[in-house]
Chemist: 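For reference, the structure I am asking about is given below.
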Amino acid sequence: MSYIRPSFRHPLLPKNEVGFTKADYEGVISTLCAGCGHDSVSGAIVRACYEMAIEPHRVAKLSGIGCSSKTPTYFLRQSHGFNTVHGRMPSVATGAYMANRDLIYVGVSGDGDSASIGLGQFVHAIRRNLNIVYILMNNGCYGLTKGQHSATADEGSKTKDGVSNPFPAIDLASMALELGATFVGRSFSGDKTQLIPLIQAAISHPGFAFLDVLSPCVTFNNKPSSTKSYDFVRAHQEATSTIDFVPHKKEILTNYAAGDAKQVKLHDGSYVQLRKLAANWDPTDRSSAMDRIRSAKSNDEILTGLLYIDQESRDLHELEQTVSRPLNSLTEVDLCPGSKALEKINAAFR
């Protein structure tokens with residue numbers, strides 16, 4: 001198998017209104033497990049930016065540590081990128097945004113990255129209404145370190161070696177609503193008909209746009225009782241040599257109408273119950289959104305769609321009343337306008 005994406009492209013590939021093909025928005029070939037939901041999210045970002053005719057060099061993509069945080073390599077290779085330390089993506093994004101407000105900031109993170117070590121950073125990015133598309137690829141485990149429970153793992157769920165999770169799960173969408181986030185959505189990585197428009201809406205939102213995307217881990221989100229699990233295969237196989245192989249699994253896809261519920265079977269044989277918001281849902285009512293999430297949870301459903309949007313959102317630059325231009329475009333005259341300007345400022349304080 002080759003891990004180098006061929007550079008040849010058919011000369012008649014369709015281009016968007018700024019002259020780029022969809023291939024111009026791709027990255028290198030993913031090294032995540034075959035069938036990983038994170039790759040579907042990367043594909044949705046590619047499709048969203050292509051359809052919105054966003055010039056790749058206008059995007060800054062940031063991430064922390066984890067499987068999800070590897071994905072910026074797999075989309076928008078012509079964009080700016082920064083892979084930060086664990087859980088610190090929001091603070092780096094804040095600094096970058098304050099220095100250059102003209103870029104579009106896309107931050108990707110996982111439940112391990114955001115719901116534990118990065119929880120404080122997540123909270124304050126919401127509080128400051130940082131203008132960023134914050135995509136949480138939520139698989140309920142630490143996939144990069146062999147599948148330990150994360151803070152979003154369901155209480156009572158078991159790792160593949162049978163360890164039960166005794167702690168209640170943190171619902172970051174509910175937390176974002178409680179903290180005053182101006183855009184909150186939830187989707188499933190296998191439902192691109194819903195996810196792509198949500199990403200496009202988040203990109204268009206002036207402020208913190210949070211998307212909680214359920215993205216199953218194909219490698220660690222299975223149970224020992226399953227005959228397709230690693231434990232079962234390891235106990236019954238006879239190896240001819242030392243191997244390190246992750247079996248191929250097909251991507252989980254689904255498509256269902258607004259207002260309907262859908263039961264989706266995961267790779268380990270378990271199911272999640274999804275419910276898409278009704279077409280007449282009012283996404284501007286924060287209290288209703290919070291009540292609806294609680295109601296869905298009590299029915300063992302995962303509510304998806306645009307949960308809430310504040311149409312009067314004022315982002316961090318507006319709140320701080322900062323300079324309207326990127327800092328690297330300011331000249332000496334802008335930064336040191338002279339003694340007369342200083343006298344005018346001093347007079348304003350007398």
Side-chain angles (χ1 to χ4, degrees), residues 41 45 62-64 66 68-69 87-94 97 105-140 150-154 168-189 194-195 197-215 274-277 281-298 301-316 319:
V41 180
I45 295 172
L62 303 103
S63 62
S68 61
S69 294
R88 271 64 173 181
M89 179 267 286
S91 62
V92 175
T94 301
Y97 180 59
Y105 292 87
V106 177
V108 294
S109 182
D111 40 292
D113 195 55
S114 286
S116 292
I117 191 170
L119 192 60
Q121 300 248 329
F122 177 75
V123 166
H124 288 281
I126 292 174
R127 177 171 160 262
R128 294 168 181 148
N129 205 20
L130 174 67
N131 192 355
I132 186 172
V133 179
Y134 194 114
I135 299 176
L136 184 88
M137 302 182 186
N138 192 351
N139 58 20
S150 76
T152 67
D154 294 326
I170 292 176
D171 186 330
L172 288 178
S174 296
M175 177 180 285
L177 285 168
E178 292 273 5
L179 292 169
T182 55
F183 183 110
V184 180
R186 175 175 275 156
S187 192
F188 177 57
S189 60
Q194 182 188 63
L195 180 57
L198 275 177
I199 293 174
Q200 292 173 332
I203 290 173
S204 302
H205 179 70
F208 191 87
F210 177 61
L211 287 176
D212 180 18
V213 183
L214 183 67
S215 178
L274 305 178
R275 176 172 290 280
K276 198 171 286 188
L277 285 166
W281 171 255
D282 179 7
T284 64
D285 189 335
R286 186 186 298 275
S287 297
S288 293
M290 295 167 66
D291 292 342
R292 191 67 183 83
I293 288 178
R294 294 191 190 100
S295 172
K297 189 175 181 179
S298 65
E301 294 179 338
I302 300 171
L303 196 63
T304 66
L306 176 57
L307 302 172
Y308 175 74
I309 184 170
D310 179 355
Q311 295 176 302
E312 305 298 325
S313 172
R314 298 172 64 220
D315 79 351
L316 184 54
L319 293 171

Chemist: Between M290 and L307, is there a side-chain heavy-atom distance shorter than 4.5 Å?
Modeler: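 The answer is no, as the side chains (C-beta and beyond) never meet within the 4.5 Å cut-off.
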Chemist: Say whether, by atom type as modelled, one donor and one acceptor occur between the side chain of N131 and the main chain of G207 under 3.5 angstrom.
Modeler: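 Judged by distance alone, yes, a pair lies under 3.5 Å.
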Chemist: Please identify each residue that fulfils side chain to side chain contact (heavy atoms under 4.5 Å, CB included) with R128, with sequence neighbours left out.
Modeler: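 R128 satisfies side chain to side chain contact (heavy atoms under 4.5 Å, CB included) with H124, L316 once adjacent residues are dropped.
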Chemist: Does the side chain of F183 reach to within under 4.5 Å of the side chain of L306, using non-hydrogen atoms?
Modeler: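 F183 vs L306: side chains touch.
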Chemist: If you measure from CD1 on I117 to CZ on R88, what distance do you get to the nearest 0.5 Å?
Modeler: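 Atom-to-atom, I117:CD1 and R88:CZ are 4.5 Å apart.
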Chemist: Which heavy-atom pair separates P90 from L130 by the least distance, and what is that distance?
Modeler: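 Heavy-atom minimum between the residues: O-CD2, 3.9 Å.
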Chemist: Between S215, S68, S150, which is the residue that forms a side chain to side chain contact (heavy atoms under 4.5 Å, CB included) with D111?
Modeler: S150
Chemist: With M89 as reference, evaluate I132, T94, V108 under the side chain to side chain contact (heavy atoms under 4.5 Å, CB included) test and give the passing residue.
Modeler: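 Answer after filtering I132, T94, V108: I132.
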Chemist: Taking atom CG of L198 and atom OG of S187, what is their separation to the nearest 0.5 Å?
Modeler: 5.5 Å
Chemist: For the atom pair CD1 (I199) and CG (L211), what is the distance rounded to the nearest 0.5 Å?
Modeler: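 Reported to 0.5 Å precision, the distance equals 6.5 Å.
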Chemist: Taking salt bridge (Lys or Arg N to Asp or Glu O under 4.0 Å) as the test, write out the residues that go with D212, two or more places apart.
Modeler: R186
Chemist: Under 4.5 Å between any side-chain heavy atoms of S69 and D113, yes or no?
Modeler: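 Counting from C-beta outward, S69 and D113 do come under 4.5 Å.
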Chemist: Pick one: which of L177, L179, L172 meets side chain to side chain contact (heavy atoms under 4.5 Å, CB included) with I126?
Modeler: L179
Chemist: Can you name the nearest heavy-atom pair linking S189 to V41, along with the distance?
Modeler: CB-CG2, 3.9 Å
Chemist: What distance do I309 atom CD1 and H205 atom NE2 have between them, rounded to the nearest 0.5 Å?
Modeler: 5.5 Å
Chemist: Check whether any side-chain heavy atom of S313 sits under 4.5 Å from a side-chain heavy atom of N129, and report yes or no.
Modeler: yes
Chemist: By salt bridge (Lys or Arg N to Asp or Glu O under 4.0 Å), which residues pair with R294, not counting sequence neighbours?
Modeler: E178, D291
Chemist: Shortest non-hydrogen contact from F122 to S114?
Modeler: CB-O, 4.2 Å
Chemist: Side-chain contact, heavy-atom cut-off 4.5 Å: F210 with L136?
Modeler: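 F210 reaches L136 side chain to side chain.
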Chemist: How long is the span from the CD1 atom in I45 to the CG atom in L195, to the nearest 0.5 Å?
Modeler: 8.0 Å
Chemist: Using the six-membered ring wherever Trp is involved, compare the ring planes of Y134 and F208 and label them parallel, tilted or perpendicular (cut-offs 30° and 60°).
Modeler: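 Aromatic pair Y134/F208 classed tilted.
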Chemist: Search all heavy atoms of L62 against all heavy atoms of Y105 and return the closest pair with its distance.
Modeler: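 Heavy atoms only, the tightest pair is CD1-CD2, 3.8 Å.
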Chemist: Between atom OG of S109 and atom CG of N138, what is the distance when rounded to the nearest 0.5 Å?
Modeler: 10.0 Å
Chemist: List the atom of Y308, the atom of R286, and the distance in Å for their closest heavy-atom pair.
Modeler: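 That closest heavy-atom pairing would be CE2-NH2, 3.2 Å.
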